[in-house]
Amino acid sequence: MTDNPAWSRGEFEAQLRARGAGYHVHHPFNVRMNDGLLRPGQIRAWVANRFYYQVNIPRKDAAILANCPDRATRRKWVRRILDHDGNGEDNAGGIEAWLRLGAAVGLDADALWSQQDVVPGVRFAVDAYVNFARQAPWQEAVCSSLTEMFAPQIHKDRLANWPVHYGWIDPDGLQYFRSRIRLAERDVEHGLQVTLDHFTTRAAQERALDILQFKLDILWAMLDAIEKACPDSEVPQ
Ligand SMILES: O=C(O)c1cc(C(=O)O)c2c(n1)C(=O)C(=O)c1cc(C(=O)O)[nH]c1-2
């Protein structure tokens, strides 16, 4: 506990944004991916492992919905589930778009759905995120989604760099990244509003920073595990 005065809304938001220094955009594996240094087998390993994150995001969001008694919040939050699952009509959803990314890098949908290439560290990290959302107060789970503040840039980097470095990947497969830029910005606007409204004492604000760090660590741990599973020397082309 701290006796320090609460930060202003602006200062609190600045403290949250400053945590971007630890975002997985700076992970060595992501840096090499962005610099065009990964072999096809390493890109495929990343896509297959990240699929486990993709399919669990709507389950995580459903847990937040289940814990949230506030109808106005649920009305906004439910959109996130449809963003990923699609609606079976005009919106195919993000999971479908990720399957198209898989196809573009040479992975068929059955291989992705089977999760046969998901390594234990990725499974543990993603499961920790879903479990946190099930067990924590819903405002804390909302706060944990705020790594998305830093996601638009990572998507833009991929859109700019992959076509240059990885000519073997059909650029149509990159649509997932394109679609997430706008959605992430919308999500962050709402998630930040909930967080800035809820964590109002200095102790609570510091708790929010710890929650954000927990989520940054999940993303970082995923890349550690993927990197370890496919070192440069052992990856088949
Ligand atoms: O590609 C990425 O680096 C990245 C990171 C994150 C993130 O920061 O959690 C998300 C996504 N992508 C993403 O596509 C996505 O839909 C998403 C939802 C969430 C969330 O916590 O609710 N994070 C992210």
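Remember, it's 1-based here, ligands and their atoms both numbered in the order they're listed.
- Of all non-hydrogen atoms in Pro69 and Trp138, the two that sit nearest each other are CD-NE1, 3.4 Å.
- The minimum heavy-atom distance linking Trp162 with Met33 is given by the pair CZ2-SD, 3.6 Å.
- Residues Leu38 and Phe29 approach most closely at CD1-CZ, 3.5 Å, considering heavy atoms.
- No donor-acceptor contact under 3.5 angstrom links the side chains of Gln205 and Arg202, judged on distance only.
- Taking Arg123 as the reference, Tyr52, Gln115, Val118, Asp127 meet the side-chain contact (heavy atoms from CB on, under 4.5 Å) condition, with sequence neighbours excluded.
- Closest heavy-atom contact between Leu146 and Leu192: CD2-N, 3.7 Å.
- Residues with a heavy atom under 4.0 Å from ligand 1: Tyr23, His24, Arg50, Tyr53, Ile57, Lys60, His84, Tyr129, Ser145, Thr147, Glu148, Ile154, His155, Arg158, Tyr176, Arg180, Lys215, Leu219.
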